[in-house]
Amino acid sequence: MSGRRSPSTFTIRTFGCQMNEHDSEKMSRLLLDMGLRPAGDSIPADLVIINTCSVRAKPEHKALSEAGRYQSARRHRGTLVLLTGCVAQQEGQKLLKKVDYLDAVLGPDAIGRLPDIVSRLSRGQGPLLDVQLHTRSEPRFINVDPPLRAGPKALVTIMKGCDNFCSYCIVPYVRGREVSRPAGDILREVESLARAGCREVTLLGQNVNSYHDARGTGFAQLLRALNEQAAVERIRFTSSHPRDVDEQMIAVVAECQRVCEHVHLGLQSGSDSVLRRMNRGYRGDEFLDKALRLRQVVPQIAITTDIIVGFPGENESDFQRTLAIVEQVRFDQAYSFKYSPRPLTAAARWPDDVPAEIKTERLERLQLLISECEQERLSLQVGSRQQVLVEGTSIRDSQAWRGRTRSNQVVNFSSNGRLLPGQLVEVEIVEVRGHTLWGRMLDNG
Ligand code: SAH
Ligand code: SF4
Ligand code: F3S
């Protein structure tokens with residue numbers, strides 16, 4: 001395709017986890033730096049990026065059908081359609097062959113090369129493929145400058161890739177080997193985000209609590225250093241691996257005033273034999289001990305989780321073990337999924353032998369219990385005072401404000417005066433409506 005003109009507007013559609021969300025932010029900043037503007041509802045985009053997720057079949061299909069929606073814009077207006085992220089990495093060349101309306105297929109580690117790719121496409125050089133993954137010796141973390149004015153919350157990459165190879169999971173294949181970003185770069189990024197107005201950072205990685213940089217800084221030390229730097233008011237992190245939760249990490253959450261009381265710990269299953277076949281590296285009782293220990297040392301802590309039902313070979317008594325652990329931990333929030341075989345993974349070679357209707361039935365039973373626990377955890381907050389970071393006005397009621405507690409619960413609340421996103425206020429929790437806390441701001445907040 002020759003004679004393309006340079007794109008002047010762009011749109012990014014994001015699927016998947018916070019890594020992808022953050023990658024989309026980085027791509028957006030690179031495009032803004034090149035002089036492109038975000039397309040609005042009335043301005044069609046000249047460049048469309050579909051940032052994909054391949055963790056389960058459903059998000060993969062959703063992302064691909066989203067890309068299909070831009071076919072006619074491409075044909076009639078010359079819109080450039082780029083597919084990025086984990087499906088791009090997984091399928092690579094095959095996608096370019098199979099789907100004839102893509103201008104580029106770019107893996108997660110090609111983001112830094114986006115400006116060059118866009119200018120090559122504008123010169124009519126395409127379709128392009130870049131699925132080169134980082135290596136341990138050349139990790140290529142992109143140090144994109146934070147914007148001059150940041151929002152109240154920001155994501156900060158501390159590591160990427162994963163070496164755990166859980167038998168169901170495609171992430172190690174599409175995100176490559178685990179590499180930790182130098183602590184100095186992380187501290188600098190948080191400092192400049194704070195200067196730009198950010199109040200809360202979420203440290204991101206597939207397995208943040210196995211963080212260790214080349215100078216030997218571990219996760220607990222990194223959190224202490226950020227806490228002492230005192231650039232932002234709140235520090236969060238996700239995801240943690242249950243196997244890597246240790247006393248040092250628990251102590252940091254308990255002692256560091258800026259580190260928020262929330263951990264996301266994927267349980268996946270409560271059955272020892274399923275956990276063994278999943279290659280998770282812990283038994284059900286070890287998970288339970290760690291979760292209860294966290295609750296004992298940090299009573300305010302919210303524990304959230306991910307659970308898979310219908311993993312190959314999971315029988316009713318395995319599933320009962322999962323229910324039993326959920327019953328005992330009483331998660332503040334849990335995301336549950338039906339097992340979905342993924343290419344390249346070890347489990348994909350085993351028969352997907354739990355019938356679809358049993359997967360559905362187990363998911364329903366699990367979600368019922370989860371919902372009960374979530375409601376109970378929310379009700380426990382009624383009457384308490386919570387520090388809330390204001391995010392904006394409430395979605396349900398434009399007269400009310402919305403923010404999050406330190407343990408990451410959404411709170412809608414009333415206030416006598418106007419508030420600004422980024423303010424920290426004290427709110428008394430008055431009631432639970434549906435899945436949301438409602439409260440009123442305290443005068444001395
Ligand atoms: N690194 C994170 C998980 C990232 S993937 C962690 O280990 O906690 C997010 C979640 O998707 C996983 O926790 C798991 O519950 C789910 N998941 C991953 N692969 C899956 C598959 N093949 N089928 C169903 N769910 C899956
Ligand atoms: Fe996937 Fe396991 Fe790595 Fe999480 S820890 S990204 S579930 S392989
Ligand atoms: Fe999906 Fe890739 Fe994240 S597979 S969950 S977007 S790392």
Side-chain angles (χ1 to χ4, degrees), residues 13-24 50-63 83-91 106-109 111 131 133 155 157-179 203-211 237-245 263-270 274-275 277-282 287 303-312 314 322 326 331 333-350 352 354 359 362-363 366 370:
R13 301 278 295 126
T14 309
F15 296 82
C17 66
Q18 285 167 304
M19 307 314 141
N20 261 14
E21 204 183 297
H22 194 33
D23 285 349
S24 291
I50 317 288
N51 196 11
T52 60
C53 169
S54 64
V55 81
R56 288 172 295 278
K58 229 192 212 163
E60 175 175 353
H61 294 153
K62 264 170 72 184
L83 198 107
T84 63
C86 297
V87 178
Q89 189 65 42
Q90 176 194 309
E91 297 293 314
L106 311 173
D109 280 351
I111 289 174
V131 286
L133 270 181
L155 305 170
T157 306
I158 67 163
M159 51 131 50
K160 59 182 188 174
C162 183
D163 287 350
N164 287 316
F165 291 95
C166 300
S167 61
Y168 50 82
C169 183
I170 196 157
V171 170
Y173 304 92
V174 289
R175 292 274 171 164
R177 298 289 55 74
E178 181 179 308
V179 199
L203 310 178
L204 282 187
Q206 290 297 351
N207 186 3
V208 285
N209 51 341
S210 79
Y211 173 90
F237 51 86
T238 195
S239 297
S240 310
H241 195 296
R243 186 200 51 217
D244 298 322
V245 171
V263 285
H264 184 79
L265 278 183
L267 166 64
Q268 314 301 356
S269 167
V274 172
L275 285 169
R277 280 179 287 120
M278 285 179 162
N279 193 30
R280 287 292 288 176
Y282 53 85
F287 183 99
I303 306 180
T304 58
T305 199
D306 293 339
I307 298 170
I308 297 174
V309 300
F311 185 75
E314 183 192 71
T322 302
V326 174
F331 293 103
Q333 212 170 4
Y335 303 91
S336 45
F337 314 100
K338 291 181 199 171
Y339 168 70
S340 162
R342 303 312 290 139
L344 308 169
T345 62
R349 295 195 293 270
W350 309 332
D352 181 14
V354 177
K359 282 186 187 167
R362 286 187 190 154
L363 192 69
L366 176 62
I370 288 170

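No hydrogens, no waters, no symmetry mates; every other heavy atom, side chains included, goes into these values. All ligand and atom numbering here is 1-based and tracks the order in the structure. Residues: numbered from 1 along the sequence shown.
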Honestly, for Q268 the part within reach of ligand 2 (heavy atoms, under 4.0 Å) is neither
Subject >> Carboxylate-amine/guanidinium contact K160 D23, below 4.0 Å >> reply: no
Looking only at protein heavy atoms, what sits closest to atom 7 (S) of ligand 2 is Y168 OH, 3.4 Å
Taking every heavy atom of P108 against every heavy atom of G85, the minimum-distance pair comes out as CD-O, 3.6 Å
Any heavy atom of C166 under 4.0 Å from ligand 2? The part involved is both
Rounded to the nearest 0.5 angstrom, the CZ-CG distance for F337 and L363 is 9.5 Å
At under 4.0 Å between heavy atoms, what of S239 touches ligand 2? The answer is neither
Interatomic distance, CZ@F15 vs OG1@T84, rounded to 0.5 Å, equals 10.5 Å
Smallest heavy-atom separation, A347 atom then P312 atom, equals O-CG, 4.4 Å
Numbered in order shown, the ligand 2 atoms found under 4.0 Å of a heavy atom of C169 are 1 (Fe), 6 (S), 7 (S), 8 (S)
Quick note on ligand 2: atoms under 4.0 Å from a heavy atom of P172 include exactly 8 (S)
The single option from T322, L366, I308 that satisfies side-chain contact (heavy atoms from CB on, under 4.5 Å) with S336 is L366
The protein residues that pass the under-4.0 Å heavy-atom test against ligand 1 are V55, R56, Y168, Q206, S239, Q268, R280, D306, I308, F337, K338, Y339, S340, R342
In Q90, R342, E60, the residue satisfying side chain to side chain donor-acceptor pair (under 3.5 Å) with S54 is Q90
Value for NZ (K62) from NZ (K58), rounded to nearest 0.5 Å, stands at 7.5 Å
Logged contact type for F165 with ligand 2, heavy-atom cut-off 4.0 Å, is backbone
Check against side chain to side chain contact (heavy atoms under 4.5 Å, CB included), R280 and Y168:
CA-CA 10 Å; R280 287 292 288 176; Y168 50 82; 3.4 Å; yes
- Determine the interplanar angle of the Y335 and H264 rings, folded into 0 to 90°, and report it as parallel if under 30°, tilted if 30 to 60°, perpendicular if over 60°. tilted
Per-atom filter on ligand 2: closer than 4.0 angstrom to a heavy atom of C162 are 3 (Fe), 5 (S), 6 (S), 8 (S)
NZ (K359) and OG (S340) are apart, to the nearest 0.5 Å, by 7.5 Å
If we number the atoms of ligand 2 from 1 as shown, the ones under 4.0 Å from a heavy atom of V171 are 6 (S)
Checked atom 3 (Fe) of ligand 3: protein N, O or S atoms closer than 2.8 Å come out as C17 SG
Among non-hydrogen protein atoms, atom 5 (S) of ligand 2 lies closest to N164 ND2, 3.3 Å
Side chain to side chain donor-acceptor pair (under 3.5 Å) assessment of S210 paired with E178: CA-CA 9 Å; S210 79; E178 181 179 308; 2.7 Å; yes
d(S240 OG, N207 CG) to nearest 0.5 Å is 8.0 Å
| Which class fits the ring pair W350 and F311: parallel under 30°, tilted 30 to 60°, perpendicular over 60°? | perpendicular
Looking only at protein heavy atoms, what sits closest to atom 6 (S) of ligand 2 is Q206 OE1, 3.5 Å
To the nearest 0.5 Å, atom CG of L265 lies from atom CZ of F287 at 5.0 Å
